[in-house]
Amino acid sequence: VLLGSYADEVADGSQGQYGTVISPVPGFSQDGAADNAVILLQGQAQGGYPNRSQEQKLGQLMLDCRNAPPGLNGASIYGFVTRPHFFNVLVSYATGAGIRCVADGSGQRPGALRMDRVNVRYSGSYGIYLSRISDSTWYDCLVHHSGLDNWYVDTGSNSKFVGCRAEWS
């Protein structure tokens, strides 16, 4: 569980920042990790974990990536990760995707994601990139001002998107 003190999930940082803010420094790198992101949730195989990678919680914080090096994702969920829960999270100015969910090299993919009031603003590529996810619930999520599509969804089987929206892509 990574739980911050409340950070405004609809701010862009131009009015100042408050609450819990995570900001990568200009030279930040994951240095050989499965994916390049400020926050990386990875499956059991990539992480070398004795048990399945599941039930991670991330809430009430802002990822301010305005000083990030090129191609850095805000948050990545990579490989067989089940039931992660993000709530009241803002990802702003990611130079890669704001949130990226993809299968690993063996085809294992994230599933059963729960995203509540997750906002992505000003991403350099996709706002939210979802490839082969399933059984997920997205509630009241907003994506805007992305360099590419705000939402990219490729096979979201048995998933629900309730009150989610996008603008200015």
Are [X] and [Y] packed together at the side-chain level, in the sense that at least one heavy-atom pair is separated by less than 4.5 angstrom?
X      : Y      : answer
Ser131 : Ile133 : no
Pro24  : Asn67  : no
Phe80  : Arg109 : no
Val118 : Leu90  : no

Any side-chain donor-acceptor pair under 3.5 Å between [X] and [Y]?
X      : Y      : answer
Ser5   : Thr20  : yes
Arg52  : Gln44  : no
Asn150 : His145 : no
Asp104 : Ser106 : yes

Is there a chain of hydrophobic side chains (I, L, V, M, F, W, Y, each step under 4.5 Å between heavy atoms) that links [X] to [Y]?
X      : Y     : answer
Leu41  : Ile22 : yes
Leu3   : Leu61 : no
Val153 : Ile77 : yes

Minimum-distance pair of heavy atoms, taken over all atoms of [X] and [Y]:
X      : Y      : answer
His144 : Glu167 : CB-O, 2.8 Å
Gln42  : Ser53  : O-OG, 2.9 Å
Val89  : Leu58  : CG2-O, 3.6 Å
Ala94  : Ala97  : CB-O, 3.5 Å
Ser136 : Gly111 : OG-C, 4.3 Å
Gly43  : Val81  : N-CG2, 3.6 Å

Item to complete: Could you check whether the rings of Tyr122 and Tyr93 sit parallel, tilted or perpendicular, using 30° and 60° as the cut-offs?
Response: parallel
Practice prompt. Take the angle between the ring planes of Trp151 and Trp138 and call it parallel below 30°, perpendicular above 60°, tilted in between.
Written response: perpendicular
Worksheet item: Within the side chain of Thr95, is there an N or O that forms a donor-acceptor pair under 3.5 Å with the backbone of Leu72?
Response: yes
Practice prompt. For the pair Asp35 and Arg100, find out whether any cationic side-chain nitrogen is under 4.0 Å from an anionic carboxylate oxygen.
Written response: yes
Discussion item. Between the side chains of Glu55 and Lys57, is the shortest nitrogen-to-carboxylate-oxygen separation below 4.0 Å, so that they form an ion pair?
Written reply: yes
Practice prompt. Assess whether atom OH of Tyr139 is packed by more than 12 heavy atoms of other residues, nucleotides or ligands within 6.0 Å.
Written response: no
